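Sequence positions, counted from 1, serve as the residue numbers for this chain. Since we're looking at a predicted model, the values are computed, not measured.
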Amino acid sequence: MPRLETKRYRCSAFGRPCDFPALSAERQPHRLKSTIADYEGLFIDYGYRETSYPYTQQNDYTDEAERDVPVAVLENELLYAEFLPTLGGRLWRLYDKKRQRDVLYTNDVIRFRNLSVRNAWFSGGVEWNCGVIGHSPFTCSQMYCAAVTGKNGEDVLRFYEFERVRGIYYQMDFWLEKDRLMVAVRIENPNEQVVPMYWWSNMATPEYKGGRVAVPAVSAYNNSDGMGIKKSAIPYDGGRDVSYPENIPDTIDYFYDIAPQSDKFIVNADAQGFGLLQFSSNHLKGRKLFSWGHRKGSHHWQRMLTDRAGDYVEIQAGLGKTQYECLPMPPKTTWAFLECYTLSALGAAAMQGGYEALVTAAEKQVQSLGGSAGLDSRLQDVLRDISLQTGELLLAGSGWGALEQQLGGQSPAHLEFCADDDVTPWMELLSKKPLSAPLSFAYGARQEALLLENADLCEWSVPYQLGLLCYDRREFEKAKVWCEKSLLLDSNPKNLHLYAFVLYQLKDAHFSYFVRKALLQNPNDYGLCESLFSLLLHAEDYASLIESFPQLSGDLQGNARLCMYLAVAYLGAGDAKRAEEILLSDGGLQLRDYREGDRMLDTLYRGIRKALYRETDAQITVPEQFDFIVADFGGEKDG
């Protein structure tokens with residue numbers, strides 16, 4: 001049976017949970033450009049979400065220290081597989097005992113950095129991403145964990161959850177077959193509506209010296225120049241053989257266009273042919289290579305994410321052809337697929353030969369293990385004998401699946417869900433009891449119906465939740481009405497925070513008054529201050545940000561991100577000297593939560609140099625601690 005253990009790892013830890021919702025200040029809906037005339041069957045932008053709502057930001061964390069970390073283990077005489085049940089069920093280590101080799105990139109630290117939809121993310125292992133585009137909302141959260149015995153005696157480890165945005169249930173069942181880790185994924189849409197669906201398995205693998213990535217494809221989609229989705233040849237892109245990750249100059253995602261009749265696999269192997277080989281049943285048709293590239297900013301990101309484990313690249317497998325899209329999942333439908341993870345053994349000759357020969361060598365190993373067609377033929381038996389079996393609950397996840405059941409939702413009979421503190425006020429509202437705490441953030445038609453049934457209740461959080469739901473749908477006038485009703489019942493930082501965003505979206509200049517009022521009421525809450533300062537920067541209301549900063553608590557006035565926002569405000573207000581003093585104080589700002597893809601520090605530093613020293617872009621060299629630029633979109637030069 002799977003066993004639960006505790007291991008000592010250097011791991012980040014969360015501070016205070018964020019009490020405020022993630023709200024977008026963008027006035028126009030997201031639109032992704034494409035240079036592909038007919039989109040080639042891609043569902044570009046379908047299912048895109050502007051924020052993590054209703055999931056809160058996990059944006060308050062420390063650097064790593066030695067801590068006890070729960071792990072779940074599957075092991076036989078040939079393979080050792082270790083998972084992190086409190087961190088999204090991450091497959092953390094896969095070790096081939098016969099070859100005495102790690103199959104994956106296993107980091108030497110679990111170091112949270114700002115790369116996911118909820119902020120906190122860490123590199124290494126295999127991450128399971130379901131529902132919304134990007135990294136899973138549960139990637140740094142505890143999932144339901146169960147031990148299952150298959151009908152044929154398989155020892156199975158199961159992780160599962162209810163995903164709120166799509167209103168779906170998903171599970172991953174893991175077991176060992178000789179030197180292979182098998183994964184059965186089952187996603188159930190019990191709703192009467194089509195929902196956008198997303199799945200990507202993200203596998204961290206070392207960037208091997210002389211290593212190569214092989215996929216049965218001759219072209220790939222990417223957005224490398226920031227000008228829109230386009231297609232490039234594989235393996236040669238821009239004259240470089242990008243099957244060697246070491247050759248890739250800038251950060252890039254290659255989404256391979258695999259022919260329907262081809263086996264669905266990807267491999268990243270070292271110069272001797274050893275590495276990770278992943279293949280799947282045909283439903284999981286997408287494959288991707290992610291590289292940070294080899295700019296100065298690229299190396300900075302690699303060092304930000306590890307201590308001494310070295311550089312990594314990610315190979316990935318997904319339902320869609322790209323990660324710019326979800327797929328439409330019909331009502332009352334279940335999707336399922338199988339994956340296999342094993343050590344590749346391609347041989348040095350294949351690694352040093354042409355690309356076609358390399359792909360052929362990988363294909364031979366895949367075929368020797370049954371190939372995609374073999375997994376297709378096994379799928380229904382696996383669903384019956386493993387996926388639909390009831391397990392013994394080892395660890396509980398979120399309470400939202402239990403609430404959905406109480407509200408009349410249909411959940412899979414073989415999965416057990418438990419209530420928790422997050423849903424207790426909702427259970428009380430359903431039972432017509434006084435609320436013991438404000439309602440946590442609402443999502444979905446059933447919760448909205450319950451709120452509307454209780455709209456006349458003298459409880460500020462009911463209209464507040466209705467206002468949030470309207471805001472998330474960009475129904476700002478309706479959100480304003482509900483928020484004003486909430487404010488009449490009780491003016492507090494939460495509804496003031498929402499009201500400020502609503503007024504900004506409605507182009508009402510009074511929004512900044514409510515920003516300042518909310519900050520005055522709660523100057524100690526990082527989540528509130530970060531959200532409202534971001535809004536002020538978005539609105540270019542630099543004066544309000546500068547005026548509000550001294551009101552923050554002493555700890556928050558020393559926060560590197562908030563200080564960066566203050567420096568940007570001073571630069572925007574015309575005081576580049578003060579901006580420079582803030583940016584460079586105490587050796588310069590050190591941001592552990594700098595956002596992937598953000599250009600704020602680069603723009604800030606360059607703006608200061610241009611204003612104070614009359615330097616041009618070509619003359620400016622951004623110091624490494626401020627350089628997170630991983631691609632040249634025609635502006636910056638890599639110093």
* To do: Decide yes or no on side chain to side chain contact (heavy atoms under 4.5 Å, CB included) for Phe265 and Ile258, but give the supporting numbers first.
  => CA-CA 9 Å; Phe265 71 84; Ile258 301 176; over 6 Å; no
Validation row: [X], [Y] side chains within 4.5 angstrom (heavy atoms):
X      : Y      : result
Tyr95  : Leu79  : no
Leu601 : Phe628 : yes
Asp257 : Lys231 : yes
Gln142 : Leu395 : yes
Val213 : Ile315 : yes
Arg118 : Ser141 : yes
Phe14  : Cys140 : yes
Val73  : Pro2   : no

Donor-acceptor side-chain pairing of [X] and [Y] below 3.5 angstrom:
X      : Y      : answer
Gln171 : Asp173 : yes
Glu314 : Tyr312 : no
Tyr198 : Glu163 : no
Thr306 : Gln302 : no
Glu207 : Tyr105 : no
Thr139 : Asn129 : no
Lys230 : Asn223 : no

Is there a donor-acceptor pair under 3.5 Å between the side chain of [X] and the backbone N or O of [Y]?
X      : Y      : value
Ser281 : Ser372 : no
Asp108 : Arg308 : yes
Asn107 : Ile110 : no
Glu82  : Leu91  : no
Thr342 : Asp179 : yes
Glu339 : Leu181 : no
His135 : Val117 : no
Gln365 : Ala345 : yes

Cationic N near anionic O, under 4.0 Å, [X] to [Y]:
X      : Y      : value
Lys610 : Asp617 : yes
Glu5   : Lys7   : no
Asp96  : Arg101 : no
Arg3   : Glu75  : yes

* Asked: Tell me, which pairs form a side chain to side chain donor-acceptor pair (under 3.5 Å) where one or both residues lie in residues 351-361, sequence neighbours left out?
  -> none
* Structure fact -> From the list Gln58, Glu596, Glu127, side-chain hydrogen bond (donor to acceptor under 3.5 Å, both in side chains) partner of Trp121 resolves to Glu127
* To do: Check the pair Phe174, Trp128 against ring pair (Phe, Tyr, Trp, His ring centres under 6.0 Å), reporting the backbone distance first and the verdict last.
  => CA-CA 12 Å; Phe174 303 89; Trp128 320 103; 5.2 Å; yes
* Structure fact -> Of Phe138, Tyr170, Tyr144, the one forming a ring pair (Phe, Tyr, Trp, His ring centres under 6.0 Å) with Tyr160 is Tyr144
* Aromatic ring pairing Phe159/Phe83, orientation class (parallel under 30°, perpendicular over 60°, tilted between) -> tilted
* Structure fact -> Which of Thr251, Asp311, Ile252, Asp250 passes side chain to side chain contact (heavy atoms under 4.5 Å, CB included) with Trp292? It is Thr251
* By ring pair (Phe, Tyr, Trp, His ring centres under 6.0 Å), which residues pair with Tyr324, not counting sequence neighbours? -> Phe255
Just how far is it from atom [atom1] of [X] to atom [atom2] of [Y], taken to the nearest 0.5 Å?
X      : Y      : atom1 : atom2 : value
Asp237 : Asn247 : CG    : CG    : 11.0 Å
Ile582 : Leu589 : CD1   : CG    : 8.5 Å
Arg93  : Leu84  : CZ    : CG    : 12.5 Å
Leu305 : Trp301 : CG    : CH2   : 6.5 Å
Asn202 : Gln316 : CG    : CD    : 3.5 Å
Met182 : Glu177 : CE    : CD    : 5.0 Å

* To do: Could you walk me through whether Tyr565 and Met600 pass side chain to side chain contact (heavy atoms under 4.5 Å, CB included), step by step?
  => CA-CA 9 Å; Tyr565 291 167; Met600 187 176 290; 3.8 Å; yes
* **Phe122 six-ring face occupied by Arg90 cation (under 6.0 Å, within 45°)** => yes
* Trace of the salt bridge (Lys or Arg N to Asp or Glu O under 4.0 Å) decision for Asp263 with Lys364 -> CA-CA 10 Å; Asp263 280 309; Lys364 285 181 180 178; over 6 Å; no
* To do: Mind running side chain to side chain contact (heavy atoms under 4.5 Å, CB included) on Tyr244 and Asp241 for me, showing each step along the way?
  => CA-CA 6 Å; Tyr244 293 90; Asp241 185 347; 3.5 Å; yes
Pairs of donor and acceptor atoms involving the side chains of residues 282-290, under 3.5 Å and at least two apart or interchain, shall be tabulated with distances.
unit_1	atom_1	unit_2	atom_2	d
Asn282	OD1	Lys264	NZ	2.6
Asn282	ND2	Asp376	OD2	2.6
Lys285	NZ	Leu319	O	2.9
Arg287	NE	Gln278	OE1	3.2
Arg287	NH1	Leu284	O	2.8
Arg287	NH2	Lys264	O	2.8
Arg287	NH2	Gln278	OE1	3.3
Arg287	NH2	Ser280	OG	2.8
Lys288	NZ	Asp253	OD1	3.2
Lys288	NZ	Gln323	OE1	2.7

